[in-house]
Amino acid sequence: MNTSTDQGLLVVRTVADLRRAVADFRRAGRTIGLVPTMGALHEGHVSLVKGALDRGDVPVTSIFVNPTQFGPKEDFSAYPRDEEGDFAKLREAGCRIAYAPTKDEMYPGEQLTTVTVAGITDGLCGPLRPGHFQGVATVVSKLLLMAMPDRAFFGEKDYQQLQVIKRMVRDLSMPFEIVGMPTVREKDGLAMSSRNRYMSADERTQALGMYRQLVKVADTVRDGKKSCAEATAAASQALRDGGFDIVEYFTVVDAESLKPLERVAGPARVIAAARLGRTRLIDNLAV
């Protein structure tokens with residue numbers, strides 16, 4: 001058995017050991033809450049573990065930097081990794097199982113099957129990161145089927161990803177509840193992200209401009225008070241003036257379909273992606 005126990009945290013490396021560990025808890029009458037991550041854990045990830053605990057679930061956290069969701073010019077090789085630090089955070093948070101497979105365990109042999117979610121991947125990050133959401137949908141479907149949880153927990157910071165996963169589970173009649181958890185922010189409002197460690201001190205200060213502009217746009221367009229296009233164009237210019245190198249998008253979308261809105265008349269999200277030095281920042285707010 002490829003496992004180890006770290007003061008209450010069971011670390012497993014194979015699908016067989018993961019399923020065996022989950023089965024032990026199920027025999028004891030427990031429910032299972034899966035927290036899929038790529039490691040380099042921060043308080044945002046910890047909040048997902050706590051979300052599982054709050055619902056009475058046994059938290060199972062996966063740690064796997066998924067190569068299939070990175071493009072050829074993206075930061076797969078440089079993506080931050082700190083397995084021992086991650087285990088320490090999970091142990092402190094009360095996580096019971098950490099699933100940390102190798103690439104060969106996740107993708108044994110030639111993979112001929114992938115999962116594609118159309119429509120809601122047509123805009124926002126979809127065209128900018130070809131193949132990204134196919135990689136996300138495929139690896140999440142594998143993790144769900146490996147762990148067979150009652151619920152899986154995802155942060156709202158990656159809002160398009162959350163909607164893709166919800167749609168995949170709905171369309172494929174998967175027996176899992178997908179729980180979206182609020183974005184966890186630093187005291188000054190910056191959304192927590194594993195990639196924030198890429199930023200210099202000056203860039204970290206400039207990065208706050210995204211949150212400020214999201215708040216401003218959300219207030220401006222609420223209840224159809226102002227044109228979304230007008231408000232987001234001004235916000236995009238403010239980011240460029242504030243030091244951002246590229247504003248990939250800054251828009252207001254329907255909260256479920258992710259289609260762009262001209263006026264807000266129901267649940268919506270103001271959502272943005274921009275580059276600051278070597279760091280790609282994404283964030284969103286409910287309107």
Side-chain angles (χ1 to χ4, degrees), residues 1-66 69 79-102 105-106 136-159 161-162 164-166 168-169 174-185 191-194:
M1 181 183 294
N2 195 356
T3 64
S4 63
T5 302
D6 185 2
Q7 296 185 16
L9 176 69
L10 179 67
V11 178
V12 297
R13 304 282 184 178
T14 69
V15 179
D17 287 339
L18 172 64
R19 288 175 173 164
R20 189 175 296 113
V22 167
D24 287 344
F25 280 108
R26 287 211 179 278
R27 278 193 291 272
R30 301 296 302 277
T31 54
I32 305 298
L34 177 66
V35 178
T37 83
M38 292 207 300
L41 303 184
H42 50 69
E43 284 303 312
H45 299 109
V46 170
S47 75
L48 304 182
V49 174
K50 292 178 179 177
L53 288 168
D54 288 345
R55 287 163 175 78
D57 295 340
V58 173
V60 177
T61 301
S62 63
I63 297 174
F64 180 66
V65 184
N66 177 39
Q69 68 190 69
Y79 192 85
R81 293 163 170 84
D82 179 16
E83 189 175 84
E84 290 307 315
D86 291 342
F87 292 158
K89 290 183 177 71
L90 292 177
R91 183 175 65 247
E92 184 178 357
C95 185
R96 298 302 306 275
I97 302 173
Y99 177 46
T102 64
E105 184 68 18
M106 282 299 299
V136 168
T138 301
V139 78
V140 170
S141 66
K142 288 173 71 72
L143 288 167
L144 289 169
L145 293 170
M146 289 172 176
M148 293 298 292
D150 296 272
R151 281 166 285 276
F153 297 80
F154 296 85
E156 290 184 345
K157 185 180 80 70
D158 294 302
Y159 191 78
Q161 171 182 279
L162 174 62
V164 166
I165 292 164
K166 283 184 173 181
M168 175 188 75
V169 167
M174 292 181 169
F176 314 112
E177 178 187 354
I178 303 301
V179 181
M181 298 289 290
T183 300
V184 176
R185 301 182 180 277
M192 290 188 178
S193 169
S194 300

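Model, not experiment: these values are computed from the prediction.
Put simply, the side chain of Lys50 does not reach to within 4.5 Å of the side chain of Met181, judged on heavy atoms. Residues Thr102 and Arg13 have side chains not in contact (no heavy-atom distance under 4.5 Å, counting atoms from C-beta outward). The closest side-chain heavy-atom distance from Pro59 to Leu53 is below 4.5 Å. Side-chain contact check for Ile32 versus Arg26: some heavy-atom pair is nearer than 4.5 Å.
Scored by the side-chain hydrogen bond (donor to acceptor under 3.5 Å, both in side chains) test, Asp24 finds Arg27 as partners (sequence neighbours excluded). By the side-chain hydrogen bond (donor to acceptor under 3.5 Å, both in side chains) test, Asn66 is found to be paired with Thr68, Gln69, Tyr107, residues two or more places apart in sequence or in another chain being considered. Among residues two or more places apart in sequence or in another chain, the salt bridge (charged side-chain N to carboxylate O under 4.0 Å, His left out) test is passed with Asp86 by none. Residues that satisfy the side-chain contact (heavy atoms from CB on, under 4.5 Å) test with Thr138, not counting sequence neighbours, are Thr114, Val115, Gln134, Lys142. When the side-chain contact (heavy atoms from CB on, under 4.5 Å) test is applied to Ala98, the partners found at least two apart in sequence or on another chain are Leu9, Val11, Phe87, Leu90. Scanning for side-chain hydrogen bond (donor to acceptor under 3.5 Å, both in side chains) contacts around Glu92 gives an empty result, with sequence neighbours left out. Taking Met174 as the reference, Ser141, Leu144, Met168, Val169, Leu172, Phe176 meet the side-chain contact (heavy atoms from CB on, under 4.5 Å) condition, with sequence neighbours excluded. For the salt bridge (charged side-chain N to carboxylate O under 4.0 Å, His left out) test, no residue two or more places apart in sequence or in another chain qualifies with Glu105. Scored by the side-chain contact (heavy atoms from CB on, under 4.5 Å) test, Arg185 finds Thr183, Ala191, Tyr211, Asp283, Leu285 as partners (sequence neighbours excluded). Scanning for side-chain hydrogen bond (donor to acceptor under 3.5 Å, both in side chains) contacts around Arg19 gives an empty result, with sequence neighbours left out.
For the residue pair Gly155 and Leu162, the shortest heavy atom distance occurs at O-CB, 4.5 Å. Taking each heavy atom of Val22 and Ala147 in turn, the nearest pair found is CG1-O, 3.7 Å. Here the closest non-hydrogen pair linking Val46 and Ala93 is CG1-CB, 3.9 Å. Between Ser194 and Tyr79 the shortest heavy-atom distance is CB-OH, 3.5 Å.
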Contacts table for residues 36-44: side-chain donor-acceptor under 3.5 angstrom, sequence neighbours left out:
unit_1 : atom_1 : unit_2 : atom_2 : d
Thr37  : OG1    : Gly39  : N      : 3.1
Thr37  : OG1    : Ser62  : O      : 2.7
His42  : ND1    : Gly44  : N      : 2.9

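From Arg30, atom CZ reaches atom CG of Asp150 across 11.0 Å, with rounding to the nearest 0.5 Å. Atom CZ of Phe64 is separated from atom CG of Leu143 by 8.5 Å, given to the nearest 0.5 angstrom. Once rounded to the nearest 0.5 Å, the distance linking CZ of Phe25 with CZ of Arg96 reads 4.0 Å. For the atom pair Leu48 CG and Cys95 SG, the distance stands at 11.0 Å (nearest 0.5 Å). Considering CE of Met146 and OG1 of Thr14, their distance stands at 10.0 Å, rounded to 0.5 Å.
No side-chain donor-acceptor contact under 3.5 Å links Asp158 to the backbone of Gln161.
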Asp17 and Leu10: CA distance, side-chain angles, deciding distance, side chain to side chain contact (heavy atoms under 4.5 Å, CB included) verdict: CA-CA 10 Å; Asp17 287 339; Leu10 179 67; over 6 Å; no

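Pairs of residues two or more places apart, or lying in two chains, that qualify as side chain to side chain donor-acceptor pair (under 3.5 Å) and include a residue from residues 51-61 are Thr31-Asp57, Asp57-Arg151.
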